[in-house]
Amino acid sequence: MSMNIADLRKSYEKAELSEDASHADPLRQFEQWLNEAIRAELPEPNAMTLATVGSDLRPSTRVVLIKGYDERGIVWYTNYDSRKGRELAGNPYAALQFHWVELERVVRIEGVVEKVSPEESDAYFASRPLDHRIGAWASPQSQVIDSRAVLVANAAKYAAQFLLNPPRPPHWGGYRLKPDAWEFWQGRKSRLHDRLRYRLDNGRWVRERLAP
C-alpha cells in the first residue's frame, strides 16, 4: 500500500537555539554548526542548495559544494557558462541553504554574488584530482548533448591533449556570495521551532528571533 505523504511527520527534539547561546557574529555561528555537522560525520555536510533567478524571473535551484568561507563570504566553483552562471551574470543576487537533517538544522544565507579572483580559481583548480580537472573541460554544462558518449569522447580528447597538466578552463572558476542576511533554524517540539535571523544594519549585524 502506498503511504499518504500528508501523514509523514516527525518531532524535532535534538537541540535548541537561544539568543544567549548563539554567536553575535553569524559567520561564527555558521562555523560552529558546520564543524558540528562534519564531526557528526553526516553525509556531505558541505552540500548546499544554490537558488538563482533568471531574466524570465523563474527561480531555479541546484546543489553545489561549499569550498571556502571567511569574512568575505561563501565560495563554490562551477562552470561560468552553466545555467546558474548565466543567471548570476544577469542577476547577481542569490540564496544558499544548508540542511543538516540528522541535526534538525537549516541555515539560509542571502546576498550578492561575485566571481572570485583568477588567482583563487587557479589555485583551487590545481588542487583538484586530475579526472575532475579533465571533466571541467569535457562537460559543456547545462547544454543539450546527444548522449553520454559525448562526455566520454570529450574526456578522452582533453586527457590526450593536456596529459597530467590541464590548465583551468576560461569558462570555469569560483563564485563568492557576500551575505547580507542569515537565518539559523533549529527544529523544536510541537513545531515551535527556533529561528534566529541576522541582518545588516549600517554595517553591523542585528540578531532577531522570527516566529516559526
Side-chain angles (χ1 to χ4, degrees), residues 2-3 5 8 34 37-38 41-69 73-102 106-179:
S2 62
M3 182 176 292
I5 61 173
L8 292 175
L34 176 61
I38 293 171
E41 299 183 346
L42 304 187
E44 295 198 280
N46 55 334
M48 58 186 184
T49 300
L50 165 66
T52 56
V53 177
S55 59
D56 56 1
L57 303 184
R58 293 176 65 95
S60 62
T61 65
R62 73 287 292 160
V63 177
V64 297
L65 301 179
I66 183 175
K67 292 301 179 180
Y69 65 91
I74 309 295
V75 174
W76 69 95
Y77 291 85
T78 190
N79 187 314
Y80 290 145
D81 294 333
S82 64
R83 178 178 177 181
K84 55 186 170 297
R86 296 194 305 270
E87 291 182 347
L88 287 170
N91 175 14
Y93 292 94
L96 299 170
Q97 178 172 291
F98 292 83
H99 188 190
W100 296 307
V101 178
E102 295 83 354
V106 173
V107 179
R108 297 176 56 245
I109 315 166
E110 300 176 13
V112 66
V113 177
E114 63 184 14
K115 290 181 179 178
V116 306
S117 69
E119 292 77 15
E120 288 177 88
S121 291
D122 287 342
Y124 174 69
F125 187 79
S127 75
R128 305 180 85 208
L130 176 60
D131 58 340
H132 293 197
R133 285 178 279 157
I134 293 297
W137 283 94
S139 174
Q141 194 174 111
S142 300
Q143 297 182 29
V144 175
I145 57 177
D146 291 334
S147 69
R148 183 174 178 81
V150 173
L151 299 178
V152 174
N154 284 350
K157 179 182 74 172
Y158 288 114
Q161 177 179 342
F162 296 126
L163 301 177
L164 298 179
N165 296 296
R168 178 174 65 89
H171 58 261
W172 191 97
Y175 287 104
R176 176 179 287 109
L177 183 142
K178 301 165 61 177

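Every value quoted in this text rests on a predicted model; they were computed, and no experiment measured them. Atoms considered below: every heavy atom in the structure, side chains included; atoms not considered: hydrogens, waters and symmetry mates.
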ask   = Looking at Gly111 and Leu177, what are the two nearest heavy atoms and their distance?
value = N-CD2, 3.9 Å
ask   = Taking atom CD1 of Ile66 and atom CD of Glu44, what is their separation to the nearest 0.5 Å?
value = 13.5 Å
inquiry  = Testing the basics here: between Leu50 and Ala94, what is the closest heavy-atom pair and its distance to 0.1 Å?
reply    = CD1-CB, 4.0 Å
ask   = Is any side-chain heavy atom of Val113 closer than 4.5 Å to a side-chain heavy atom of Trp76?
value = yes
inquiry  = Measuring from atom CD1 of Ile134 to atom CG of Asn154, what distance do you get when rounded to the nearest 0.5 angstrom?
reply    = 11.0 Å
inquiry  = Determine whether a donor-acceptor pair (N or O, by modelled atom type, separation under 3.5 Å) exists between the side chain of Arg62 and the backbone of Ser60.
reply    = yes
inquiry  = Can you confirm whether Leu164 sits close enough to Leu130 that some side-chain heavy atom of one is under 4.5 Å from a side-chain heavy atom of the other?
reply    = yes
ask   = Side chains of Tyr175 and Thr78: does their closest heavy-atom pair fall under 4.5 Å?
value = yes
task = Using atom types as modelled and distance alone, determine if a side-chain donor or acceptor of His132 lies under 3.5 Å from a backbone N or O of Ser127.
result = no
query = For Pro59 and Arg83, which heavy atoms make the closest approach, and how far apart are they?
reply = O-NH2, 4.4 Å
note = To the nearest 0.5 Å, atom CZ of Phe98 lies from atom CG of Asn46 at 8.0 Å
query = Between Arg176 and Ile74, is there a donor-acceptor pair closer than 3.5 Å when you use the side chain of the first and the backbone of the second?
reply = no
key: Nearest heavy atoms of Phe125 and Pro166, plus distance in Å   = CE2-O, 3.4 Å
message = Could you check whether any side-chain heavy atom of Lys84 comes within less than 4.5 Å of a side-chain heavy atom of Val64, counting everything from C-beta outward?
response = yes
ask   = Do Val107 and Met48 have side-chain heavy atoms sitting under 4.5 Å apart?
value = no
query = Centre of Tyr80's six-membered ring, under 6.0 Å away, within 45 degrees of the axis: is that where NZ or CZ of Lys115 sits?
reply = yes
request  = Measure the spacing between CD of Glu87 and OG of Ser55 and express it to the nearest 0.5 Å.
outcome  = 8.0 Å
query = If we only count heavy atoms from C-beta on, is the Leu151 to Pro140 side-chain gap below 4.5 Å?
reply = yes
ask   = Is a side-chain N or O of Arg108 found less than 3.5 angstrom from the main chain of Ala95, in a donor-acceptor match?
value = no
message = Looking at Arg148 and Val152, would you say the former's side chain and the latter's main chain have a donor-acceptor pair under 3.5 Å?
response = no
key: More than 12 heavy atoms from other groups under 6.0 Å of CZ on Phe162   = yes
ask   = Hey, what's the ring geometry for Trp137 with Tyr158, parallel, tilted or perpendicular (30° and 60° as the breaks)?
value = tilted
remark   = Rounded to the nearest 0.5 Å, the OH atom of Tyr93 sits from the OG1 atom of Thr52 at a distance of 15.0 Å
query = In Å and rounded to the nearest 0.5 Å, what is the NE2 to CG distance from His171 to Asp81?
reply = 6.5 Å
Exceeds 12 heavy-atom contacts within 6.0 angstrom, atom CD of Glu41 = no
request  = Start with the C-alpha gap between Tyr124 and Val116, add the side-chain angles, then the distance that decides, and say whether side-chain contact (heavy atoms from CB on, under 4.5 Å) holds.
outcome  = CA-CA 11 Å; Tyr124 174 69; Val116 306; over 6 Å; no
task = Provide the closest heavy-atom pair for Ser139 versus Asn79 in the form atom of the first, atom of the second, distance.
result = O-ND2, 3.6 Å
query = Which heavy-atom pair separates Glu120 from Tyr77 by the least distance, and what is that distance?
reply = O-OH, 3.6 Å
